[in-house]
Amino acid sequence: MSQSNAAFQSVPAASDATSLLCCAPLPNLLPINASRGQAAPPDQPAAQSTVLMPWVGYGTYRLGHKHARAAVLAALQTGYRHIDTAFIYGGQTTELQVGKAIADALQQGIVASREEIFVTTKQWREYHGYEQSTKCLDLSLERLGLDYVDCWMMHWPGPCWEHKPPQSPENHDNQSQQTLEQNDSPWAHAKAGMGQSEMAQLRSETWRAMEDAYRCGKARSIAVSNFTIQHLQTLKQTATLWPPAVNQIECHPYYPQSELVEYCQREGIVVQAYASLGGQDGTKAKWKKLGGKLMESAPVVDISKRLSTAQRTVTPGQVLLRWALQRNCVIVPKTASLTRMSENARVFDFELSQQDILQITKLEDNAVGDEGRLCWRTEPLRMLNFS
Ligand SMILES: NC(=O)c1ccc[n+]([C@@H]2O[C@H](COP(=O)([O-])OP(=O)(O)OC[C@H]3O[C@@H](n4cnc5c(N)ncnc54)[C@H](OP(=O)(O)O)[C@@H]3O)[C@@H](O)[C@H]2O)c1
């Protein structure tokens, strides 16, 4: 096992841990020889990882800016110590609310110190490039009211899908995410004709900004999101610090991305699964095509019934979260409901069998139709060889 893999650990067995504080160590960033893309020589001892990330985080996408502050505070009260947010969430309003919730939690003594909370935020794709990314992080820190984040992530490998010069974050404040999603179709980008190598270059400039943010302590770890194997391999060629701590990817039984998960884990990159409950962007038509929502699918419901006892009901949502954890993926489920916050946190007191895992993973077969994979957002981008 290479040094960068050394910190990789499996999710604790049910008997070992019952707490939201149960953590995965992140890999240490090591200098790499950029010209050869090789890891540092093996005689350099790997330092013990000092960055620990709780296996269960709290997702903040689509919390709604009116409710985000109260919801994040409630999550901290419930015991969550890992908050996943992004520059763009809530049309750039969520980070501010997350920051206020953290301040509330400190003031009310719900957490004793900032260091108790693992905060992730993500650089937005309109700000690719060294200068723009650095500004983007500074703005995120200002909104969060923090001196550093525990993890700073490149949200998407591609730059703004329309080929237009990046705007300054300050001028961007009034644009809603909805507007951006409409403008930034991959087709618009493909038409604009930005080449693969131009995009790879821009992405490597962003990574350089991330390396510097790590070196100067504004980010305790740096990471990527929505990266394919090819994105990772290309970025490694120009990186001076490697590997990214995390690759946060869409990952659920309809889209398990098994090859990518295995690749990342072999390389010592922690996989964070997003949309592990099926996500929030499905339409009725999509679910119908897939044969139903994940939480209503036969194997998930059957397994939850089988594992339930008179003392303890195991819900379909918990089965899906446990499926992700047992694939050694960190999870960041989002819920605005207090009951479901507790439910999603209670995933360490039961285990799925190998048979259960295989049965659930087979749901992927439902998700591949005549038109290709009937999946949510990542697949159309792959088909276009996006970025
Ligand atoms: N890197 C990226 O590009 C990216 C993309 C998407 C998401 N993410 C991150 O990943 C997080 C999670 O993904 P997601 O928010 O898309 O989807 P998700 O966590 O899979 O699903 C959230 C949805 O499930 C519902 N829900 C939550 N817990 C439930 C339970 N126990 N039983 C039944 N329903 C439940 C929620 O509704 P209620 O709120 O009503 O409970 C919400 O509609 C995001 O919040 C965000 O932080 C990252």
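All ligand and atom numbering here is 1-based and tracks the order in the structure.
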For this session: Look at ligand 1 and say whether Thr315 reaches it with a heavy atom at a distance under 4.0 Å.
Result: no

Problem set entry | Geometric N/O contact Lys334 with ligand 1, under 3.5 angstrom | yes

For this session: Answer yes if the side chains of Thr85 and Thr94 hold a donor-acceptor pair under 3.5 Å, and no otherwise.
Result: no

Exercise. Among Tyr274, Tyr89, Tyr58, Trp156, which one has a heavy atom closest to atom 6 (C) of ligand 1?
Worked result: Tyr274

Exercise. What part of Ser225 sits under 4.0 Å from ligand 1 if we count only heavy atoms: the side chain, the backbone, both or neither?
Worked result: side chain

For this session: Kindly indicate whether a cation-pi arrangement holds for Arg114 with Tyr148, taking the cut-offs as under 6.0 Å to the six-membered ring centre and within 45° of the axis.
Result: yes

Seminar exercise, completed: Taking only non-hydrogen atoms of Ser276 and a 4.0 Å limit, the atoms of ligand 1 in range are 20 (O)

Exercise. For ligand 1, does Thr85 get within less than 4.0 Å through its side chain, its backbone, both, or neither, judged by non-hydrogen atoms?
Worked result: neither

For this session: Give yes or no for whether the N/O distance cutoff of 3.5 Å, strictly under, is met between Gly279 and ligand 1.
Result: yes

Exercise. Could you walk me through whether Asp212 and Arg215 pass the salt bridge (Lys or Arg N to Asp or Glu O under 4.0 Å) check?
Worked result: CA-CA 5 Å; Asp212 283 352; Arg215 288 190 182 102; 3.1 Å; yes

For this session: Could you tell me whether the side chains of Gln355 and Ser353 share a donor-acceptor contact shorter than 3.5 Å?
Result: no

For this session: Under the side-chain contact (heavy atoms from CB on, under 4.5 Å) rule, collect the residues that match up with Glu262, sequence neighbours excluded.
Result: Ser258, Arg266

Problem set entry | Pro333-ligand 1 polar pair, N/O distance under 3.5 Å | no

Exercise. Which bit of Glu250 gets closer than 4.0 Å to ligand 1, counting heavy atoms only: side chain, backbone, both or neither?
Worked result: neither

Exercise. Have Tyr274 and Asn226 got a donor and an acceptor in their side chains that come within less than 3.5 Å?
Worked result: yes

For this session: Can you sort out which atoms of ligand 1 are near His155, meaning under 4.0 Å from one of its heavy atoms?
Result: 1 (N), 2 (C), 3 (O)

Problem set entry | Heavy-atom nearest option to atom 12 (C) of ligand 1, drawn from Val332, Ile88, Ile249 | Val332

For this session: Return yes if a side-chain donor-acceptor contact under 3.5 Å exists between Ser133 and Trp207, otherwise no.
Result: no

Exercise. Can you tell me if Arg322 and Gln326 form a side-chain donor-acceptor pair at under 3.5 Å?
Worked result: yes

Exercise. Which ligand 1 atoms are under 4.0 Å away from a heavy-atom of Ala336?
Worked result: 38 (P), 39 (O), 41 (O)

Problem set entry | Distance-only N or O hit between ligand 1 and Met295, under 3.5 Å | no

For this session: Check Tyr80 against Ala345 and note the closest heavy-atom contact, atom names and distance.
Result: OH-N, 3.6 Å

Exercise. Numbering the atoms of ligand 1 from 1, which are under 4.0 Å from a heavy atom of Gly278?
Worked result: 20 (O)

For this session: Hey, can you tell me if His252 and Tyr255 have their rings parallel, tilted or perpendicular (30° and 60° cut-offs)?
Result: tilted

Exercise. Any N or O on Asp84 sitting closer than 3.5 Å to an N or O of ligand 1?
Worked result: yes

